[in-house]
Amino acid sequence: MNGPFIYESIKLKIGSVKQPEKGFHMPVLSIIACRMFEDELAHILSGDRELEQLIVVEGRDSFGLLRKLRSENCLPRTAPLDRVPFLLGKGHGSGSGSGSGFTALAKPLLKLPFFREIHEKLKLKAAHRVTVVVNPLRLGLHDDLDLLKSEVYGQIREMAAFSDGILIFYCSCGEAFENLEEDFSGFECPLYCLKDGNGEVVADCISAALGGNAAYDEIMYACRGTGALYFTPMWASSWKEMGEKRKKSRNFDESYLKDPRYSQVVKLNTGLSYDPDFHKNVQDFARTFNMEIVEIKGSAELAEKSYRAAKKGVIQHNLQHNPV
């Protein structure tokens with residue numbers, strides 16, 4: 001099993017007493033994720049060698065992410081959402097403090113400068129060992145923006161109980177999350193969003209793959225006069241499934257796809273290769289709706305930067321609430 005999930009027990013010898021570091025508070029970053037970002041999350045999390053542990057919330061919507069993580073030899077723990085606090089440790093919660101393990105046993109010795117210095121170093125080290133909890137939500141929530149907002153807001157409130165920060169791995173998604181930061185302005189658990197270099201929440205997953213809203217606007221302007229649909233690997237692999245679900249809900253109309261003004265399908269190559277059928281899926285769509293395939297380059301850089309910013313944020317939040 002690769003680096004980030006190998007557990008090390010750091011012990012301090014004080015006379016005949018050996019005490020592990022477990023008494024110190026380690027921060028928890030929770031991620032509420034749209035399944036359209038499976039590839040980016042698998043790439044980011046499997047490459048993070050500094051995590052204390054990774055937990056993926058069990059459910060049918062986590063199967064794809066788990067498969068991709070395991071393909072990278074990344075083996076997270078899994079549990080239903082209501083069991084996650086038990087994996088994090090009894091009584092764990094945001095601002096839970098430093099616990100009683102090391103401090104209770106060594107408290108008389110902390111008056112001595114040498115032992116106090118060791119204690120502070122261990123506590124600082126623990127504050128940087130982040131646990132990530134990922135909760136992927138189902139495809140199709142975007143069909144009803146009120147439902148999407150309600151579902152994500154509900155997950156935020158539930159996961160805040162054990163989190164030091166929550167990264168919302170969604171975009172603005174129309175008007176669903178335009179007031180997210182305002183709606184949770186007094187929330188004790190910090191929220192983080194997918195933002196571009198201008199500090200704007202990205203409009204959608206295509207904008208995220210292109211590097212931000214400005215880059216998306218530029219490409220849209222260059223393609224003006226030509227109707228185009230943009231496919232990341234997850235979009236390409238999911239269009240049939242989403243189409244069938246929308247048909248069942250009587251909310252799917254293929255007529256606009258067959259409109260001759262829509263003449264291009266843009267294959268957006270993010271550089272991630274979890275789906276070997278990416279090109280075939282794009283070809284199937286193009287043939288079905290008689291479109292030309294155009295390929296452009298994208299990346300996972302915006303998602304990576306947003307993750308790093310959220311991770312840094314929960315470390316700082318932890319240090320502020322559990323100072324060394």
Subject >> A228 versus V266, closest heavy-atom pair with distance >> reply: CB-CG2, 4.1 Å
Subject >> Rounded distance [0.5 Å steps], NE2 in H317 versus OG in S163 >> reply: 10.5 Å
Original post:
Just by modelled atom types, is the T270 backbone N or O under 3.5 Å from a matching donor or acceptor in the S299 side chain?
Top reply: no
Subject >> K311 bridged to D48 by N-O distance under 4.0 Å >> reply: yes
Subject >> For V134, the option from L29, V57, L54, L69 that meets side-chain contact (heavy atoms from CB on, under 4.5 Å) >> reply: L54
Subject >> Least distance between heavy atoms, T232 atom then A209 atom >> reply: CG2-CB, 4.2 Å
Original post:
Should E58 and T78 be marked as a side-chain hydrogen bond (donor to acceptor under 3.5 Å, both in side chains) after you check the CA-CA gap, both sets of side-chain angles, and the distance that decides it?
Top reply: CA-CA 6 Å; E58 281 182 359; T78 62; 3.2 Å; yes
Original post:
Would you say the ring centroid of Y307 lies under 6.0 angstrom from that of Y192?
Top reply: no
Original post:
How long is the gap from CZ on F162 to CD1 on I55, to the nearest 0.5 Å?
Top reply: 8.0 Å
Subject >> Verify same cluster id: I206, F285 (apolar side-chain graph, 4.5 Å) >> reply: yes
Original post:
Any luck finding a side-chain donor-acceptor pair between H43 and E72 under 3.5 Å?
Top reply: no
Subject >> Heavy-atom closest contact (C205 atom, W235 atom, distance) >> reply: SG-NE1, 3.0 Å
**OP:** Mind telling me whether F187 and F184 have parallel, tilted or perpendicular rings, with 30° and 60° as the class edges?
**Re:** perpendicular
Original post:
Once you round to the nearest 0.5 Å, how far does SG of C173 lie from CG of L145?
Top reply: 8.0 Å
Original post:
For N290, does the CG atom have more than 12 heavy-atom neighbours from other residues, nucleotides or ligands under 6.0 Å away?
Top reply: no
Original post:
What are the two closest non-hydrogen atoms of I32 and M159, and how far apart are they?
Top reply: CG1-SD, 3.7 Å
Subject >> Pairwise distance CE(M36) to CG(L137) - rounded to 0.5 angstrom >> reply: 13.0 Å
Original post:
Any idea which heavy atoms bring D196 and G212 closest together, and the distance?
Top reply: CB-CA, 3.6 Å
Subject >> Whether T288 side chain and D284 backbone form a donor-acceptor pair below 3.5 Å >> reply: yes
**OP:** Please work out whether the ring planes of Y153 and F177 are parallel, tilted or perpendicular, with thresholds of 30° and 60°.
**Re:** parallel
Subject >> P136 to L65 - nearest heavy-atom pair and separation >> reply: CG-CD2, 4.1 Å
Subject >> Joint cluster assignment, F63 & L141, ILVMFWY side-chain distance < 4.5 Å >> reply: no
Original post:
Roughly how far apart are E158 CD and I166 CD1, rounded to 0.5 Å?
Top reply: 10.0 Å
Subject >> Heavy-atom donor-acceptor pair, D204 side chain to S207 backbone, under 3.5 Å >> reply: yes
Original post:
Between S237 (side chain) and M234 (backbone), is there a donor-acceptor pair under 3.5 Å?
Top reply: yes
Subject >> Any side-chain donor near an acceptor of the partner, S172 and E178, under 3.5 Å >> reply: no
**OP:** Measure the CG-OG distance between D39 and S273 for me, rounded to the nearest 0.5 Å.
**Re:** 9.0 Å
**OP:** Check salt bridge (Lys or Arg N to Asp or Glu O under 4.0 Å) between E181 and all other residues, then give those that pass, not counting sequence neighbours.
**Re:** K195
